Every structure is written in C-alpha cells, then in structure tokens.
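Notes follow once the structure below has been shown.
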Amino acid sequence: MQQAISISKLSKVYDSGFTALHEVDLEIRKGEILALLGPNGAGKTTLISIVCGLVNPTSGTVQVQGHDIIREFRAAREKIGLVPQELFVETWETVWDTVSYSRGLFGKKPKPELIEKILKDLSLWDKKDNRILQLSGGMKRRVMIAKALAHEPEILFLDEPTAGVDVELRKDMWQLVRGLRETGVTIILTTHYIEEAEEIADRVGVINKGRIIVVDEKIELMRKLGKKQLTVELNDPLGSLPEALNRYDLDLEDDGRRLVYRYDTGAERTGIGSLLADLNRAGISVKDLNTKQSSLEDIFVTLVEEAR
Ligand SMILES: Nc1ncnc2c1ncn2[C@@H]1O[C@H](COP(=O)(O)OP(=O)(O)O)[C@@H](O)[C@H]1O
Ligand SMILES: [Mg+2]
C-alpha cells in the first residue's frame, strides 16, 4: 500500500550551523492518526515545515502520496492542510472570505456548502461575517483550522494544536479530528502533552534532538515498554529494606509504610509471587496491594532519558 507520507534520511542543518534533524526515516500510513511527541526544540516544527514546503531540507527525500515535495511541489502540497503552530491570520477580511480564499489558492472551484459545513463544525458559523482582526485568539485558531481544511486535504498537519487553547476548542478539535479520520483523512499532530497522544493517536512517534527514537502502535508501545507497579501497603512501617529483599527493584515510600515494586509486564515471570513469599518469610505483614500500569508519560520520560 502506498504510504500517505514517506520520509527518507531527512536532515536539516539551519544556516546557523545547527542540525535540527538527523537522517529521519518515517512512514506515515494512510488514514492513521500519528502523534509526534517530543520536548521543545526536538525538531517537530522543522519536520512539518519541510513536508509542507516551508523550509528546505538539507538532504534526504519526502514523498507525499508518491509526489516528491521538491520536484512535484504543487501536487504534493495540494494534498496537505496545515494548521501551523503560530497564528498568522491578521487581516481585515471576514472569516467567510478568508476561508473561501484559502480554497481558491489551491485552484479548487468554490464550494460554499463545504465552507458552510467547516464553519459550522468549528462553531464559526455565527462569526462568518466578522472581521478576523476583531476575533479572540481562540476564534482565530478556529479560523486557522478552517483555512487548512478548505481545499479538502487528504492529510492534515496540526502543529501543537492545543497549546494554550481553551477546553471547548480542544473538545471540538478532537471531535473534528475523529470525524476527519472517518472520512479517510490522515492526521499528524505534534504535541508535548502525552495525555493527548494517549487519548487520540493510533501510532506514536517519539522525537528528541532531531532523531526519531521510536514509532509504534500506541498500544504496542505501552505494552512493550510499559512497566507495572505493585504497591504494597504495610501494617507496620519499615525503617529500611531487609537484606532478604535485596534482589527486588523496590522502593520504600511514605515513611516506610509502603513498598513499591516495578516489574516488566512483558517478562515471563513478574516476581510478584516470590516477593510476597519473601515478605511473608521476613515477617512483614501486608495490609493491602494494588497495581498500576505506567502511563505513556513514564515511557516517554524513560525513552528521552535513555537517548541522552
Ligand atoms: N530558522 C532557524 N534557524 C536556526 N535554528 C532553528 C531555526 N528554526 C528552528 N531552529 C532550531 O531547531 C531546533 C528544532 O526546532 P523546532 O523544529 O521548532 O522544534 P519543536 O517544534 O520540536 O519545538 C531548535 O533547537 C530550534 O532552536
Ligand atoms: Mg514546534
């Protein structure tokens, strides 16, 4: 199957001499929601800007549904809608005109019923005759999304779409993203909010210092890299860990009232059985037990630390 986007050995060295991307390889599947997760400065915006033709790559290639972004720029660009990280819609034009004009830029025939639907989906319909300069920041952001969708792109990039937006817009946005995915649109969003990736993505790519550290199904990533944590509440606080428990990865918390044991969910033996037996043998009395799966956040922190 042809990929929505195929990125091969993509590098970017800015004029300052700074290398923002190091030979990035990434295949983006048609119809998926891919979250690119990475700390500030990781290279997310650089990557998106290259795919959208706003920044020139230093080396490597990008194909958008088979079209090379440099040799076939127009064909590649037309497939893409971009909601950039920064707002730049300062104009005296009305919402309706601005969004309709965006569609025209791609040489598409006017389709007022589509513009109407997009504005309604984004709760912008009652603002359609308002001038953009007079809108609030949140409304301007909605306009940016409407503009990106006006030419019916098959691929939508959202660069940090929820940084600093209100809850209402965030909800509307995820609803819109899910609706678009249902119609076959491929969606790539960048974020440094892990919960966001956890909530909406099919696959997650982790990028750090210009390198993709891992890309995998969200569920696989959590299964493979996830650790579980067993918390043992003790009846009597311990001053220190007894020698007999040295072989376990244990932490003593809450002034000795709680033992925390981390284990690998993928491992053949979790070690829980023997730990409990050893506790019993050491005369440590257990009040309660509970387990918790590590979040994508824990995984992310571990990956970024390992890559340092
Ligand atoms: N025009 C530029 N010139 C020099 N360095 C840049 C430029 N744009 C971005 N960078 C640097 O490249 C790195 C990646 O930036 P960016 O792609 O914006 O990261 P992210 O979107 O993940 O926060 C950062 O260290 C940033 O300072
Ligand atoms: Mg960015």
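Just so it is clear, the structure is predicted and the values come from calculations on it, not from any experiment. Note that ligands are numbered from 1 as they come in the structure, with each ligand's atoms numbered from 1 the same way.
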- Protein heavy atoms: any of them under 4.0 Å from atom 5 (N) of ligand 1? yes
- Salt-bridge test for Asp202 and Arg181: reply yes if a basic N is under 4.0 Å from a carboxylate O, no otherwise. yes
- Message: With heavy-atom distances below 4.5 Å as the criterion, would you say the side chains of Ile28 and Ile188 are in contact?
- Response: yes
- Hey, does Gln85 come in under 3.5 Å of ligand 1, counting only N/O atoms on both sides? no
- Message: Quick test: of every protein heavy atom, which one is nearest to atom 26 (C) of ligand 1, and how far off is it to 0.1 Å?
- Response: Phe18 CE2, 4.7 Å
- Query: Judged by non-hydrogen atoms, does Ser16 sit under 4.0 Å from ligand 1?
  - Reply: yes
- Residue Thr45 vicinity, atoms of ligand 1 by number, heavy atom under 4.0 Å: 17 (O), 18 (O), 20 (P), 21 (O)
- Listed once per pair and sorted, the side chain to side chain donor-acceptor pair (under 3.5 Å) pairs that draw on residues 143-153, sequence neighbours left out: Ser102-Lys147, Arg103-Glu152, Lys111-Glu152
- Message: Among all protein heavy atoms in this structure, tell me which lies nearest to atom 19 (O) of ligand 1, with the distance rounded to 0.1 Å.
- Response: Gly43 N, 3.2 Å
- Task: Please indicate, with yes or no, if any protein heavy atom is found under 4.0 Å from atom 13 (C) of ligand 1?
- Result: yes
- Note the single closest protein heavy atom to atom 23 (O) of ligand 1, along with its residue, its atom name and the distance in Å. Gly41 N, 2.7 Å
- Item | Whether Gln85 has an N, O or S atom under 2.8 Å from the Mg ion (ligand 2) | yes
- Message: Can you confirm whether Leu149 sits close enough to Leu156 that some side-chain heavy atom of one is under 4.5 Å from a side-chain heavy atom of the other?
- Response: yes
- Item | Short N-O contact, Arg178 and Glu182, less than 4.0 angstrom | no
- Query: Under a 4.0 Å N-O cut-off, is there an ion pair linking Asp166 with Arg170?
  - Reply: no
- Message: Treating Thr190 as the side-chain partner and Glu160 as the backbone partner, does any N or O pair qualify as donor plus acceptor under 3.5 Å?
- Response: yes
- So which protein heavy atom does atom 16 (P) of ligand 1 come closest to, and at what separation? Thr46 OG1, 3.7 Å
- Query: So does Thr46 have any N/O/S atom less than 2.8 Å away from the Mg ion (ligand 2)?
  - Reply: no
- Query: Are Arg29 and Glu217 close enough for a salt bridge, meaning some N to O gap below 4.0 Å?
  - Reply: yes
- Item | Atoms of ligand 1 close to Ala20 [distance to a heavy atom under 4.0 angstrom, numbered from 1] | 12 (O)
- Query: Under the 3.5 angstrom rule, does the side chain of Lys30 hit a backbone N or O of Thr186 as a donor-acceptor pair?
  - Reply: no
- Query: Can you tell me which residue and heavy atom of the protein come closest to atom 10 (N) of ligand 1, and the distance to 0.1 Å?
  - Reply: Tyr14 CE1, 3.4 Å
- Task: Could you list the atoms of ligand 1 found under 4.0 angstrom from a heavy atom of Ala42?
- Result: 19 (O), 20 (P), 22 (O)
